Amino acid sequence: MPQTITTAVHHELIIKKSRFIACVQPMADRASAQKVVAELWAQHPGAAHVCWALLAGGQSAAVDDGEPSGTAGRPMLDVLRHQDLEGVQATVVRYFGGVKLGAGGLVRAYTDSVAQALLGAEKVAIVKLRALRCAVPYALEGLMRREIELAGARLDQVQHADLVQFDFSLQDSAAVALMARLAETGGGRIVWLDVPDEIGE
């Protein structure tokens with residue numbers, strides 16, 4: 001199950017006089033990630049490189065920023081993928097210390113910087129929610145409320161008209177079982193309605 005982190009974590013390595021300042025933080029999309037990189041350049045104008053990697057909602061990036069191809073962004077991205085993270089950005093600011101590390105040394109430095117930072121991360125599982133909407137006769141309102149609560153679903157809205165309409169959301173994996181149980185206990189009197197996209201956001 002994919003995970004994300006709750007807050008930014010940092011770590012600094014010094015290897016042969018080069019400083020590697022790593023940060024891994026929650027990140028929504030590529031545009032936000034690029035803004036973070038621009039801010040890091042403003043904070044570290046004397047840095048040689050600001051390399052970064054991103055995994056966010058299908059948007060991934062691996063940026064070497066002038067380091068030899070494949071020695072920075074890709075190793076950082078591999079660490080994020082290996083830990084099954086999603087919605088995160090890793091950045092490493094490098095101050096060059098005058099001693100070249102070679103391709104293998106760079107890969108290790110960028111990998112270790114991110115991996116060490118993540119040792120202090122608090123990870124949380126990403127739970128995919130599914131939004132559901134149904135209409136029931138008034139006689140079934142109590143039953144619906146109990147079933148929604150028992151399933152651990154979040155009740156978003158209840159509207160009373162000719163029927164009682166429930167908008168609720170729950171873990172995607174639990175939705176099918178709940179719908180099957182309601183079909184049985186509701187005796188076919190529960191009508192499932194389409195949910196507008198914005199309810200599931």
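Remember, predicted model here, so these are calculated numbers, not experimental data. Hydrogens, waters and symmetry mates play no part in the numbers below; they use all other heavy atoms, side chains included. When a residue number appears, it is its place in the shown sequence, counting from 1.
Applying the 6.0 Å contact sphere to NE2 of H10 captures more than 12 heavy atoms from other residues, nucleotides or ligands. Summarising the local packing, CD of E149 is surrounded by 12 or fewer heavy atoms from other residues, nucleotides or ligands at distances under 6.0 Å.
When all heavy atoms are compared, the tightest approach of F168 to A153 is CD1-CB, 4.0 Å. Taking each heavy atom of V92 and S113 in turn, the nearest pair found is CG2-CB, 4.1 Å. C134 and W192 make their closest contact through CB-CE3, 3.6 Å (heavy atoms, listed as atom of the first residue, atom of the second, distance). Here the closest non-hydrogen pair linking V24 and A117 is CG2-CB, 4.2 Å. What you find for A28 and A56 is that their closest heavy atoms are O-CB, 3.5 Å. The shortest heavy-atom contact between S18 and G97 is OG-N, 2.9 Å.
A salt bridge links E141 with R145: the distance from a Lys NZ or Arg NE/NH1/NH2 to an Asp or Glu carboxylate oxygen falls below 4.0 Å.
A continuous path of hydrophobic side-chain contacts links M144 to V158 [ILVMFWY only; heavy atoms under 4.5 Å]. One hydrophobic cluster, built from ILVMFWY side chains closer than 4.5 Å, cannot hold both L193 and L140; they sit in different ones. Each of L101 and V50 belongs to its own hydrophobic cluster when Ile, Leu, Val, Met, Phe, Trp and Tyr are linked at side-chain heavy-atom distances under 4.5 angstrom. Hydrophobic clustering of Ile, Leu, Val, Met, Phe, Trp and Tyr side chains at less than 4.5 Å, counting indirect connections, keeps L55 apart from V63. Neither V107 nor V114 shares a network with the other; the hydrophobic side chains, linked directly or stepwise wherever heavy atoms of I, L, V, M, F, W or Y lie under 4.5 Å apart, form separate groups for each.
The structure places CG of L54 at 8.5 Å from CG of L80, a figure rounded to the nearest 0.5 Å. Atom CG of D84 sits about 11.0 Å away from atom OG1 of T4, to the nearest 0.5 Å. Taken from CG in L143 to CG in L182, the straight-line distance is 6.5 Å, to the nearest 0.5 Å. The distance from atom CG of L13 to atom CZ of R108, rounded to the nearest 0.5 Å, is 12.5 Å. With rounding to the nearest 0.5 Å, the separation of SG in C51 from CE in M76 is 6.5 Å. Atom CH2 of W52 and atom CG of D64 lie 11.5 Å apart (nearest 0.5 Å).
At a threshold of 4.5 Å between non-hydrogen side-chain atoms, the residues Q89 and V37 count as touching. Side chains of H82 and V79 form no contact here, defined as non-hydrogen atoms less than 4.5 Å apart. Side-chain contact between Q43 and V93 is absent, with no heavy-atom pair separated by less than 4.5 Å.
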Show, in sequence, the C-alpha distance, side-chain angles and deciding distance for R19 and H44, and conclude whether the side-chain contact (heavy atoms from CB on, under 4.5 Å) test is met. CA-CA 12 Å; R19 275 175 76 202; H44 300 275; 5.7 Å; no
Check the pair L132 / F166 against side-chain contact (heavy atoms from CB on, under 4.5 Å), numbers first and verdict last. CA-CA 8 Å; L132 296 171; F166 287 89; over 6 Å; no
Under the criterion side-chain contact (heavy atoms from CB on, under 4.5 Å), I'd like the reasoning laid out for R94 against D65: C-alpha separation, chi angles, the key distance, then a yes or no. CA-CA 10 Å; R94 181 188 181 194; D65 188 43; over 6 Å; no
Side chain to side chain donor-acceptor pair (under 3.5 Å), that's the test. Do D78 and T111 meet it? Break it down for me. CA-CA 8 Å; D78 288 344; T111 299; over 6 Å; no
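The aromatic rings of Y110 and F20 sit perpendicular to each other, their planes meeting at more than 60°, with 30° as the lower class boundary.
Between the side chain of Q3 and the main chain of K123, no donor-acceptor pair closer than 3.5 Å is present. The backbone N or O of A22 sits nowhere less than 3.5 Å from a side-chain atom of H11 that would complete a donor-acceptor pair. A donor-acceptor pair under 3.5 Å links the side-chain atoms of Q59 to the main chain of R30, judged by distance alone.
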